[in-house]
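Computed from a predicted structure; not experimentally measured. FYI, side chains are in, hydrogens and waters are out, and symmetry mates aren't considered; it's all heavy atoms of this structure. In what follows, chains carry the letters A, B, and so on, assigned in the order in which the sequence lines appear, proteins first and then strands, with residues in each chain numbered from 1.
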Amino acid sequence: MKLAVQVNEGPYQHQATDSAYHFTKAALEKGHEVFRVFFYHDGVLNGTRLTTPPQDDRNIVNRWVELAEKYDLDLVLCVAAAQRRGLVDDGEAQRNGKDATNIAPKFRISGLGQLIEAAIQSDRLVVFGD
Amino acid sequence: MKLAVQVNEGPYQHQATDSAYHFTKAALEKGHEVFRVFFYHDGVLNGTRLTTPPQDDRNIVNRWVELAEKYDLDLVLCVAAAQRRGLVDDGEAQRNGKDATNIAPKFRISGLGQLIEAAIQSDRLVVFGD
Amino acid sequence: MSDIKKFMYLNRRAPYGTIYAWESLEVVLIGAAFDQQVSLMFMDDGVFQLVKGSDTSQSDMKNFLPTYRTLGDYGVRHLYVDKASLEARGLTTDDLIEVAWEDFETEEEVDNIVEAVDADQVVQLMAESEVVFSF
Amino acid sequence: MSDIKKFMYLNRRAPYGTIYAWESLEVVLIGAAFDQQVSLMFMDDGVFQLVKGSDTSQSDMKNFLPTYRTLGDYGVRHLYVDKASLEARGLTTDDLIEVAWEDFETEEEVDNIVEAVDADQVVQLMAESEVVFSF
Amino acid sequence: MADLHTVNKSPFDKNSLEAAIKFSQAGSSILLIEDGVYGAMKGTSAEAMVKGAMGDKKMYALKSDLMARAIKDDRIIEGVTVVDYAGFVDLVEANDKVQAWL
Amino acid sequence: MADLHTVNKSPFDKNSLEAAIKFSQAGSSILLIEDGVYGAMKGTSAEAMVKGAMGDKKMYALKSDLMARAIKDDRIIEGVTVVDYAGFVDLVEANDKVQAWL
């Protein structure tokens, strides 16, 4: 089965991103294909490399990065949502005159078309949100 | 009247931060003192200088910065919430080994004690959240 | 497998209090480029998204009501509204905006693609959809 | 004006689904350094925060139930639970943790400062508070 | 002694307004903001609850939030006072404390 | 044709479970996750609704979320099937589509 996963909330505030992670991991471990994980709304905040969660808590960003490295996952942050919320890669920094970036490795910023495409190409779209 | 304002949500996703801004501005324009605006939970995301909202939309971060410049407002981001969500100033970058900062001018990162102190020192605490 | 799928966008939240209504609309607009069969379903507080007369001039927020009116031009075929949700809120379809639709090739026109539906129809319409986007 | 105020922390949300319960608890812990008169009120899904037996070993989340048990040591004098909220959820105080309190100076001890209160008491307790923190 | 209770949730979405009414003292003021202003609308399933509360409590709603949500004056329950942000500030000052029902 | 409906809200906080039950076809599966698992608890004001739904729909709840919320096996409504994330994936595969009630 080919899956698309949509994540609507940021890390820690809502459990939605935890659920999305555990679901995606379970699907990959069962041998399913995850076509793309699309981060929308506050979900784009999953893609910052600047978090420092407490030592005794999970590291939500790093978990995504490690999963992406292991399975070559496509982690896409919606560009419009990222701009509103301050998620920046090199290209965005240049286009919008920002003096820093904060995107984590393995994440990329792209348009909403990537969500539509994922929904079309995949057998199932699974949405996690508040 | 001396006011403390608490903001629990990030910009754009929830209207809470808009309400907090308009309320704070109205209080200042009426001549009241705002002892502190304390940003907790996702509220810390109000303090990033990396947002680029659409041209035809409000710039939530800049509005806070301008209000703080005009009235010498104390805008405090909770440090624990900021660490979980990737809000970083120079001190935090150094302590946690981050290679970039994203805090906006006029915001500072400090502990939860600043919220308690604000509640004790002020005549009213007004909370905005989801 | 055909590349034309039946998309349903499910809107259950009020506008302005949260951004979901607006960002959901942005997906619909972008999605138009992909030529799917698209309908929108409004229920619970989502029905408030279509109420006529929104004025954000004192809110410093973007008024996106006019954007709904253009949805017919973006390939959206149906805006369904759950009747029971309207009734609980003291609303009728007269309170809602109208959205026109025209097929530029066949010149087929529909004056208003906003339609109130009862629970059985909602069940049926959802079941027939192939992808549901929830916000 | 005295610097000792009556603080009430109002908890109306379930644990784990959102972070509010946990970050609210963090305020209470830090607030202990300020020597105020502190009580916590649990109502609606907030009563679930105190239910015994939480096990997060398969959730990869921190279990903060044990932290509630230490609140007596942090100067919290009362944990009030709305009775009607418990009843709607099929719970009784037997399902909740117990929190002990001791005054280290006077050696006064209370076995359990968790107390179920009815609506009239809730109204009274809230009205008497000088600062209410809502999460 | 009187308090200001703020409610920012739609009464159809969450019980915040119901709780604010249930747990506020007689003489309290309740201010509807954000999606909370739907509680000020005539003819809804929440109207009876709001009217009942106005027996011993004052009900307010924020103008800019009513306008954004297309709730015109003639659809507002009689007795609900419409205020702007300056009025919000005055209510905060006039009451002993503010309690948010989120 | 059968669908999987996911519900992540407490039935005491929001009407998501009620809506999922009302608008899902007979033969559908409903999976309770996150705060949604409170809907699987015995003895609550939501129990009758859930039991009623099980007449023609299958009800599931996610194990790790039940455990975190201290909902032990003996407090789960009979007929609700407890699944782990692997079971969640299987449910997604076994149904034609997934619909989230947020």
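Only the backbone of D:E130 comes within contact range of chain E, judged by heavy atoms closer than 4.5 Å. With a threshold of 4.5 angstrom between heavy atoms, E:S16 approaches chain D through its backbone and through its side chain. For a residue to count as touching a neighbouring chain, one of its non-hydrogen atoms must lie under 4.5 Å from one of that chain's; by this rule D:D82 touches chain E with the side chain only. Only the side chain of D:L10 comes within contact range of chain E, with heavy atoms under 4.5 Å apart. For D:Y20, no part lies near chain E; criterion is any non-hydrogen pair under 4.5 Å.
To the nearest 0.5 Å, atoms NZ (E:K14) and CG (D:D44) are separated by 7.5 Å. Taking CE from D:M126 and CG from E:D3, the interatomic distance works out to 10.0 Å, rounded to the nearest 0.5 Å. With values rounded to the nearest 0.5 angstrom, D:R12 atom CZ is found 6.0 Å from E:W101 atom CH2.
The salt bridge (charged side-chain N to carboxylate O under 4.0 Å, His left out) check on D:D45 picks up D:R89, with sequence neighbours excluded.
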Legend entry - Verdict with supporting geometry, D:M8 and E:Q99, side-chain contact (heavy atoms from CB on, under 4.5 Å): CA-CA 10 Å; D:M8 176 171 280; E:Q99 179 164 346; 5.8 Å; no
Inset, instruction - Evaluate the criterion side-chain contact (heavy atoms from CB on, under 4.5 Å) for residue pair E:K22 and D:V122; output intermediate values, then yes/no. - result: CA-CA 10 Å; E:K22 180 176 177 185; D:V122 174; over 6 Å; no
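Taking each heavy atom of D:S134 and E:A100 in turn, the nearest pair found is OG-O, 2.7 Å.
For CG of D:D118, the number of neighbouring non-hydrogen atoms (other residues, nucleotides, ligands) closer than 6.0 Å is greater than 12. Counting non-hydrogen atoms of neighbouring residues, nucleotides and ligands closer than 6.0 angstrom, the CZ atom of D:F64 exceeds 12 such neighbours. Around NZ of E:K51, the count of heavy atoms belonging to other residues, nucleotides or ligands within 6.0 Å does not exceed 12.
Side-chain atoms of E:K97 come within 3.5 Å of backbone atoms of D:S129 as a donor-acceptor pair (strictly under, hydrogens ignored).
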